[in-house]
Amino acid sequence: MAAYDYDLFVIGGGSGGVRAARVAASLGKRVAIAEEYRYGGTCVIRGCVPKKLYVYASQFPEHFADAAGYGWTVPEVSFDWPTLVANKDKEIARLEAIYKKNVAGAGGETFHSRAVLVDRHSIYLVAEDRTVSADQILIATGGRPAPHPALSGHEHCIFSNEAFDLKELPKAMMIEGGGYIAVEFANIFHGLGVETTLVYRGREILSRFDMDLRRSLHETMEKKGIRILTHSVSEKVSKNPQGRLDVLLSGGQTLTVDQVMLAIGRIPNTENMGLEGVGVELGKTGAIVVDEYSRTNIDNIWAIGDVTHRVQLTPVAIHEAMCFVETAFKGNPTAVDHDTIPTAVFSQPEIGTVGLSEDEAVKRFPDIEVYRASFRPMRHTLSGRDEKMLMKLVVDSASRRVLGAHILGPDAGEMAQLLGIPLKAGLTKDAFDRTMAVHPTAAEELVTMYKPTYRVKNGERI
Ligand code: NDP
């Protein structure tokens with residue numbers, strides 16, 4: 001008779017939790033997983049997946065406009081927001097079912113319940129009003145949009161969660177923040193015909209990316225008609241007699257819009273789940289503190305994904321899940337590798353990037369070479385669209401290793417995935433130079449930039 005009901009109990013049915021549950025169950029472990037909302041988590045239900053679908057929806061007006069140069073006459077078009085929302089709902093319901101089915105298919109048990117830790121081996125299932133026990137416990141409860149209680153009138157604002165399911169498309173919208181979510185949603189709503197203003201407190205949007213790309217994206221977004229106010233924050237949001245929202249900005253200006261969306265970061269979901277009682281250590285932001293194997297200070301309790309506030313990306317949570325299973329169930333301790341993570345911002349145009357930005361490289365290496373190409377992609381020649389593509393490789397002059405690759409333009413996300421391989425492998429610029437181009441593509445530029453555009457030696461650009 002086993003000492004516990006389960007070998008593994010997973011709390012949270014998002015990308016990380018489901019992967020760990022499924023893989024552990026397929027090893028023959030007795031696994032259960034509890035999710036209080038919907039299986040699939042942020043990524044599937046109110047993040048990456050619906051976001052990307054909305055990005056596609058928002059790109060059609062440009063495709064229609066570009067078609068003329070290729071000989072097409074596009075009749076008058078119209079857009080129906082409720083149709084998009086309903087079709088998105090159908091797709092995420094399908095994916096949600098698959099997530100759940102995959103756990104069950106591997107032999108795991110799924111619960112629809114909030115789960116609260118009672119002690120280091122016991123979990124209380126609220127919806128079932130019973131306590132179960134497990135040898136190992138994995139917490140993968142994710143995160144949620146950071147609230148903004150300091151903002152007067154914050155109760156009138158929405159977050160990305162609500163933005164997906166608005167009853168109607170607003171005429172005008174303000175988005176606060178300059179990160180992934182703010183920038184992606186600004187492009188989505190603008191593309192769908194909403195008058196959009198992005199309000200960002202810093203000097204330039206997307207603070208963690210290469211400055212060249214940040215500036216070029218900013219310019220392109222403004223050219224499309226998105227208003228971007230930098231060095232600016234909202235100070236007060238109030239409802240006016242017409243039922244619209246007046247937003248007082250730090251510069252003294254007032255914006256009148258129909259929706260204000262806050263995208264100022266995300267915080268971990270760690271409240272009211274018994275963590276403090278069991279003694280699981282939390283960091284300053286409320287995130288669960290873990291070691292490189294995702295183990296907490298309690299040796300049979302583990303945590304992965306956004307709840308640990310390491311790198312908030314779906315593939316990272318999945319990687320952490322796989323490392324956890326190796327460590328906890330396969331006798332193969334595997335540290336999580338957070339180095340050189342390719343990533344994309346689904347702005348319009350897209351950003352795809354991997355490795356060090358030029359500024360970061362300059363801080364770490366005394367001598368770097370920058371290979372930079374800015375050109376009009378072929379698809380914009382006949383369309384007449386005045387939009388440039390930007391590609392940049394940052395190379396360590398001493399070792400010739402490519403430290404960073406940065407792309408702004410169509411399909412940049414797809415390219416970043418492939419560039420992730422040579423950069424992770426530590427390949428040199430010579431390996432890029434030896435690679436045959438695929439013609440005609442935009443990506444061929446990455447293997448045909450033979451001469452450095454400039455060099456930065458001891459902080460000085462040559
Ligand atoms: P980010 O951390 O990317 O950006 C937060 C933004 O809010 C920053 O511009 C920040 O400014 C600003 N900010 C923070 N606090 C305040 C404040 N009090 N007042 C005004 N502005 C403030 O968070 P997001 O919410 O955009 O996204 C959360 C995470 O989700 C991302 O970090 C990313 O990991 C993930 N994500 C990934 C996507 C993808 O892979 N394509 C898509 C969407 C989300 P500052 O720059 O000055 O700090």
State plainly whether the residues [X] and [Y] are in salt-bridge range, i.e. N to O under 4.0 Å.
{"X": "Arg400", "Y": "Asp430", "value": "yes"}
{"X": "Asp396", "Y": "Arg401", "value": "no"}
{"X": "Glu176", "Y": "Arg201", "value": "no"}
{"X": "Glu387", "Y": "Lys224", "value": "yes"}
{"X": "Arg215", "Y": "Asp210", "value": "no"}
{"X": "Arg19", "Y": "Glu320", "value": "no"}
{"X": "Glu271", "Y": "Arg144", "value": "yes"}
{"X": "Lys392", "Y": "Glu358", "value": "yes"}
{"X": "Arg38", "Y": "Glu96", "value": "yes"}
{"X": "Asp165", "Y": "Lys88", "value": "yes"}
{"X": "Glu62", "Y": "Arg385", "value": "yes"}
{"X": "Lys239", "Y": "Asp246", "value": "no"}

Exercise. Can you list the steps and then say if Leu217 with Ile205 is a side-chain contact (heavy atoms from CB on, under 4.5 Å)?
Worked result: CA-CA 9 Å; Leu217 176 63; Ile205 55 171; 4.3 Å; yes
Problem set entry | Side chains of Ser152 and Glu235, donor plus acceptor under 3.5 Å | no
With no hydrogens and no angle check, is any side-chain donor or acceptor of [X] less than 3.5 Å from a backbone partner on [Y]?
{"X": "Thr381", "Y": "Met378", "value": "yes"}
{"X": "Ser216", "Y": "Leu213", "value": "no"}
{"X": "Asp411", "Y": "Glu414", "value": "no"}
{"X": "Thr435", "Y": "Ala431", "value": "yes"}
{"X": "Thr327", "Y": "Thr334", "value": "yes"}
{"X": "His319", "Y": "His338", "value": "no"}
{"X": "Thr230", "Y": "Tyr200", "value": "no"}
{"X": "Glu445", "Y": "Ala442", "value": "no"}
{"X": "Asn332", "Y": "Glu326", "value": "no"}
{"X": "Thr196", "Y": "Val194", "value": "yes"}

Which pair of non-hydrogen atoms, one from [X] and one from [Y], has the smallest distance, and what is that distance?
{"X": "Asn161", "Y": "Pro145", "result": "ND2-CD, 3.8 Å"}
{"X": "Ala416", "Y": "Thr353", "result": "CB-N, 3.5 Å"}
{"X": "Gly14", "Y": "Glu35", "result": "N-OE1, 4.3 Å"}
{"X": "Gly16", "Y": "Ala321", "result": "O-CB, 3.4 Å"}
{"X": "Ala146", "Y": "Phe159", "result": "O-CE2, 3.3 Å"}
{"X": "Gly47", "Y": "Pro50", "result": "O-CD, 3.3 Å"}

Might you confirm whether atom [atom1] of [X] has over 12 heavy atoms from other residues, nucleotides or ligands at distances under 6.0 Å?
{"X": "Arg376", "atom1": "CZ", "result": "yes"}
{"X": "Gln417", "atom1": "CD", "result": "no"}
{"X": "Glu168", "atom1": "CD", "result": "no"}
{"X": "Lys388", "atom1": "NZ", "result": "no"}
{"X": "Tyr56", "atom1": "OH", "result": "no"}
{"X": "Glu460", "atom1": "CD", "result": "no"}

Are [X] and [Y] packed together at the side-chain level, in the sense that at least one heavy-atom pair is separated by less than 4.5 angstrom?
{"X": "Asn458", "Y": "Asp367", "value": "no"}
{"X": "Val257", "Y": "Met173", "value": "no"}
{"X": "Leu419", "Y": "Leu446", "value": "yes"}
{"X": "Ile175", "Y": "Thr197", "value": "no"}
{"X": "Leu27", "Y": "Val325", "value": "yes"}
{"X": "Val345", "Y": "Glu350", "value": "no"}
{"X": "Ile368", "Y": "Val395", "value": "no"}
{"X": "Glu222", "Y": "Arg227", "value": "no"}

Exercise. Passes side-chain contact (heavy atoms from CB on, under 4.5 Å), Ser399 versus Thr428? Steps please.
Worked result: CA-CA 8 Å; Ser399 66; Thr428 63; over 6 Å; no
Seminar exercise, completed: ring-ring contact (aromatic ring centres under 6.0 Å, His included) with Tyr54: of Phe346, Phe60, Trp81, Phe79, only one passes, and it is Trp81
Seminar exercise, completed: From the list Leu192, Leu84, Asp80, side chain to side chain contact (heavy atoms under 4.5 Å, CB included) with Leu169 holds only for Leu192
Exercise. Are Arg46 and Phe164 in a cation-pi contact, defined as NZ or CZ under 6.0 Å from the six-membered ring centre and within 45° of the axis?
Worked result: no
How far does [atom1] of [X] sit from [atom2] of [Y], to the nearest 0.5 angstrom?
{"X": "Ile33", "Y": "His112", "atom1": "CD1", "atom2": "NE2", "result": "10.5 Å"}
{"X": "Lys457", "Y": "Glu369", "atom1": "NZ", "atom2": "CD", "result": "10.5 Å"}
{"X": "His439", "Y": "Thr448", "atom1": "NE2", "atom2": "OG1", "result": "10.0 Å"}
{"X": "Phe64", "Y": "Glu76", "atom1": "CZ", "atom2": "CD", "result": "12.0 Å"}
{"X": "Asp306", "Y": "Asn269", "atom1": "CG", "atom2": "CG", "result": "9.0 Å"}
{"X": "Leu249", "Y": "Lys236", "atom1": "CG", "atom2": "NZ", "result": "13.0 Å"}

For this session: Step through it carefully: locate the ring centre of Phe209, locate the ring centre of Tyr180, and say whether they are under 6.0 Å apart.
Result: yes
For this session: Evaluate the side chain to side chain donor-acceptor pair (under 3.5 Å) criterion for residues Glu360 and Ser357: first the C-alpha distance (whole Å), next the side-chain angles of each, then the deciding distance (0.1 Å), finally the verdict.
Result: CA-CA 5 Å; Glu360 283 168 327; Ser357 66; 3.3 Å; yes
